[in-house]
Amino acid sequence: MAAQETVDQKYVYDFSEGNKDLKDLLGGKGANLAEMTNLGLPVPPGFTITTEACQAYLATGREPDGLAGQIEAHLESLERAMGKRLGDPQDPLLVSVRSGAKFSMPGMMETVLNVGLNDQSVEGLARQAGGSTGQAASGGNDRFAWDSYRRLIQMFGKTVCEVPGEEFEQALDKVKSTKGTTNDLDLDADDLRGLVDAYKKIFLKHTGREFPQQPREQLDLAIRAVFESWNAERAVLYRRQERIPADLGTAVNVVTMVFGNLGPDSGTGVAFTRDPASGAQGIYGDYLANAQGEDVVAGIRNTVPLQELEQLDKTSYDELLGIMARLEEHYKDLCDIEFTIERGKLWMLQTRVGKRTAAAAFVIAGQLVDEGLIDLDEALHRVNGAQLAQLMFPRFQLDHEFQPVAKGIGASPGAASGTVVFTSARAVELAAEGKSVILVRRETNPDDLNGMIAAKGILTSRGGKTSHAAVVARGMGKTCVSGADEIDVNVPAKRFTVAGQTVNEGDVVSIDGTTGKVYLGEVPVMPSEVVQYFEGSLDPEHIDNPLVRAVHRIMTHADGKRRLAVRTNADTGADAARARRFGAEGIGLCRTEHMFLGDRRELVERLILARAEGEREAALAALLPLQRADFEQIFREMDGLPVTVRLIDPPLHEFLPPLEQLAVNVAVAQERGEDVAKEEALLAAVRRMHEENPMLGLRGVRLGLVIPGLFAMQVRAIAEAAVICARGGGVAKPEIMVPLVGAVQELETVRAEAEKIIAEVVGDSGVEVLIGTMIEVPRAALTAGQIAEAAEFFSFGTNDLTQMGWGFSRDDVEGAFFWRYLELGIFGISPFESIDRDGVGRLVRIAAEEGRAARPGLKLGVCGEHGGDPDSVHFFHEVGLDYVSCSPFRVPVARLEAGRAVVETGGSDSR
Ligand code: ADP
Ligand code: MG
Ligand code: MG
């Protein structure tokens with residue numbers, strides 16, 4: 001974005017001019033400081049330099065015209081208001097210069113405190129600050145002033161001039177050890193004066209210049225450093241991981257300093273208005289007496305729980321609690337805050353709507369409804385499917401005996417235990433023996449793919465949320481902890497060391513892909529409470545678990561709101577039953593492949609090898625009753641609900657043994673002088689059926705057109721099963737789905753044959769069988785108007801549609817190069833994970849519109865994996881589909897998101 005620069009553009013806003021809705025312009029920190037100011041809360045006066053000024057600076061390398069003058073004007077009015085001048089030798093005004101982007105980027109950018117101090121004003125500050133209780137100095141507070149000055153040189157040196165921070169820390173440690181203490185409070189004014197000298201030398205050594213004494217120069221350089229910190233390496237990395245756009249820029253806040261380091265009646269702290277981990281109500285915070293803000297986070301001294309402030313300073317404590325309640329009521333959400341107490345006077349330095357865990361998100365949304373702060377629509381808006389999915393992963397049953405030995409990034413959720421291996425090959429070997437393995441690597445690369453597939457979980461010592469390991473693991477739904485850098489991996493030696501312990505190949509570890517924690521040994525797992533609730537084993541009305549109660553309440557609301565129905569992909573009665581408990585309203589995809597597997601393989605071989613007419617028919621006749629029984633079971637579990645059955649889709653040779661194995665069998669049998677006629681026939685068949693691109697070969701409807709009787713057998717099995725259910729008093733609603741159709745003629749041919757069989761089987765049983773098609777070949781989407789003439793429903797097979805739309809071989813590309821595409825930002829997320837709205841989504845939209853135009857009652861659904869992806873569900877709602885179908889475990893996620901989609905589009909039915 002090229003920043004707009006106009007002559008009289010406003011770049012600087014006083015806190016009294018902004019508000020919380022101006023985050024784009026003022027950043028989160030600035031917008032909320034303004035909001036608090038306008039609420040009448042005690043915020044030290046100040047002003048915010050806009051993100052637009054930052055964008056202009058970053059684009060041109062210089063401050064935009066007019067900025068300097070506006071800063072001057074705002075500084076002057078600040079000085080007037082405070083009755084002090086910046087850096088005045090007698091009584092200096094000091095300010096902090098703080099970064100603050102639209103999205104919070106904790107610790108990523110810079111802040112400089114105590115700007116305005118120099119060799120003269122430090123004396124003035126000491127004199128003005130005199131008389132603190134507990135201060136020995138008569139008439140002045142030297143210690144405080146010199147402490148503030150050394151902090152300025154340290155922070156300014158580090159952030160503005162890139163002086164290595166360790167050098168300052170080492171100098172501080174040296175003074176402390178000379179003094180025989182580890183507590184910085186034991187240092188007196190003389191020690192700190194000496195430290196300032198040492199710091200200045202460090203500054204000079206690294207920058208080649210003296211520490212700047214001009215207050216205004218300090219201010220300008222600090223502002224510029226904050227602008228530039230937007231492009232610091234770690235900030236760039238963080239943005240990429242969190243998908244924060246790179247062109248937003250940061251605002252800069254210039255805030256009058258208030259001092260928590262003025263003595264024991266001063267201090268600083270941070271707090272949450274509720275527990276961000278569990279959502280529980282109460283006061284959660286830390287307080288540190290006689291300190292400046294950065295000490296709390298830096299962990300220099302041990303903080304005390306905020307509750308203890310009540311004893312130290314009851315007036316400030318009560319005021320703080322009142323403000324926190326007020327902020328919650330105002331923001332109608334969990335807030336986190338930073339505050340400072342200067343000699344018994346409370347100052348608010350920051351607030352924002354706080355980050356929270358998935359569990360806390362649900363619990364808090366429920367509480368806020370109870371408190372009348374938000375309604376259920378808003379509660380639904382504030383949680384999401386990704387959070388719900390997290391709450392459904394099995395979790396470790398952790399009791400005190402399990403302590404994590406390392407913590408990395410929770411890259412792909414889940415809880416996995418297994419034997420440690422260090423190579424892909426070993427992972428494959430042990431997995432073949434039936435062992436659970438955890439693949440441990442420094443980082444993974446495409447060569448590790450087989451091992452990753454074989455492993456139960458993946459642990460790496462390097463790489464973030466978009467590393468190869470993380471992306472591939474998420475794609476596979478596999479537990480992954482990445483970037484656990486305390487772990488030292490030694491692949492050749494087949495071991496890693498962590499926290500002084502050595503873990504060898506063969507030892508067992510457990511990894512938690514949600515928290516990123518790593519444990520030694522096997523931690524037992526259990527289904528989460530939320531899953532127990534969905535399974536129906538917890539009665540939501542009589543449960544005191546606040547999380548389950550909140551989930552129940554919000555899910556119920558989502559169900560009431562949503563327009564999309566949610567079905568499931570299920571191939572067996574057992575899957576169907578579970579999905580139904582999870583709220584599925586039918587089956588959107590029942591694959592029939594497995595009905596040709598197991599001990600039925602032999603029949604498939606006979607079918608494929610059949611030469612004489614009768615042989616094939618006999619094989620099909622033998623398959624018919626078996627498939628019919630399968631369908632019966634599924635229809636019974638889904639009694640009263642629609643069941644979409646997809647006719648056989650994969651290439652038939654997938655049902656035969658692999659070529660190599662057959663070749664070996666033949667050779668061995670020949671060696672032994674056994675009869676190899678059948679083996680040889682199979683081998684010949686496999687050779688004959690070999691395809692270079694099986695995904696684009698003889699599969700789907702093409703099989704049905706080429707192999708006589710195959711689809712007919714399946715259609716008959718479905719219709720007969722439905723009739724049996726109906727005669728038994730049940731209601732079966734079969735929908736026969738033809739895969740891989742690209743032209744209406746294909747469907748018409750299948751339909752003509754199927755209709756005859758159905759009419760014959762159904763008779764007067766009252767059973768109704770729909771016939772429809774998948775839309776998964778781009779040509780089908782583009783000729784949907786024609787295809788709709790022969791279809792009572794469409795189901796979008798967005799996996800194949802993505803594969804063929806992008807020309808991505810699904811089995812190959814994700815592990816091979818998607819990490820690079822993600823790194824380059826070609827897409828933000830794999831198009832197999834979340835639908836590509838612009839391309840593949842456009843095909844869906846065209847087909848939906850043209851299909852409905854040709855046949856107004858056309859039923860539309862989706863059965864690709866996108867059916868359970870939150871963002872895709874919103875898209876399918878917008879396009880006006882009737883239902884989404886997804887795997888059983890995603891059903892609750894889809895229900896929730898379908899409800900959210902309605903709330904977010906203003907409750908409108910967008911069809
Ligand atoms: P971050 O975004 O990393 O938290 P902040 O800009 O909030 O950085 O500042 C770092 C610390 O300095 C915080 O603890 C904050 O409360 C404190 N601080 C910032 N400005 C002032 C000020 N004007 N007076 C006193 N403390 C301040
Ligand atoms: Mg802060
Ligand atoms: Mg398909």
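Remember, it's 1-based here, ligands and their atoms both numbered in the order they're listed. Just so it is clear, the values below take in all heavy atoms, side chains as well, and ignore hydrogens, waters and symmetry mates.
Listed by chain and number, the residues in a side-chain contact (heavy atoms from CB on, under 4.5 Å) with Ala280 are Asp275, Ser278, Tyr284 (sequence neighbours excluded).
The Mg ion (ligand 2) has no N, O or S atom of Thr111 closer than 2.8 Å.
Remark: ligand 1 atoms within the under-4.0 Å shell around heavy atoms of Val255 are 23 (N). Of all the atoms in ligand 1, the ones that sit under 4.0 Å from a non-hydrogen atom of Ser96 are 19 (C), 20 (N), 21 (C), 22 (C), 23 (N). Heavy-atom contacts of Leu113 reach the following atoms of ligand 1: 12 (O), 18 (N), 19 (C), 20 (N), 21 (C), 27 (C) (cutoff under 4.0 Å).
Sorted by first then second residue, the salt bridge (charged side-chain N to carboxylate O under 4.0 Å, His left out) pairs that include residues 156-166, not counting sequence neighbours, number zero.
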Original post:
When you look at Tyr149 and Asn118, which way does the side-chain hydrogen bond (donor to acceptor under 3.5 Å, both in side chains) test go after all the steps?
Top reply: CA-CA 7 Å; Tyr149 194 21; Asn118 56 24; over 6 Å; no
**OP:** Assess whether ring pair (Phe, Tyr, Trp, His ring centres under 6.0 Å) is satisfied between Phe47 and Tyr13, documenting all intermediate values.
**Re:** CA-CA 6 Å; Phe47 53 84; Tyr13 286 70; over 10 Å; no
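For Lys29, every heavy-atom contact with ligand 1 shorter than 4.0 Å involves the side chain, none the backbone. Residue contacts with ligand 1, taken as heavy atom pairs separated by less than 4.0 Å, involve Met257 via backbone and side-chain atoms alike.
Geometrically, ligand 1 and Ser99 share no nitrogen or oxygen pair separated by less than 3.5 Å. For ligand 1, the polar-atom distance check finds no N/O of Thr340 at less than 3.5 Å from any of the ligand's N/O atoms. Any N or O atom pair closer than 3.5 Å counts here, and Val258 shares at least one such pair with ligand 1.
Take the N/O/S atoms of Glu338: the one nearest the Mg ion (ligand 2) is OE2.
Donor-acceptor pairing under 3.5 Å is lacking for the side chains of Asp65 and Gln9.
Under a cut-off of 6.0 angstrom, the local environment of CD in Gln311 is crowded, with over 12 non-hydrogen atoms contributed by other residues, nucleotides or ligands. Other residues, nucleotides and ligands contribute at most 12 non-hydrogen atoms within 6.0 Å of the CZ atom of Arg462. More than 12 heavy-atom neighbours from other residues, nucleotides or ligands sit within 6.0 angstrom of NZ on Lys179.
Between Gln292 and ligand 1 there is no heavy-atom distance shorter than 4.0 Å.
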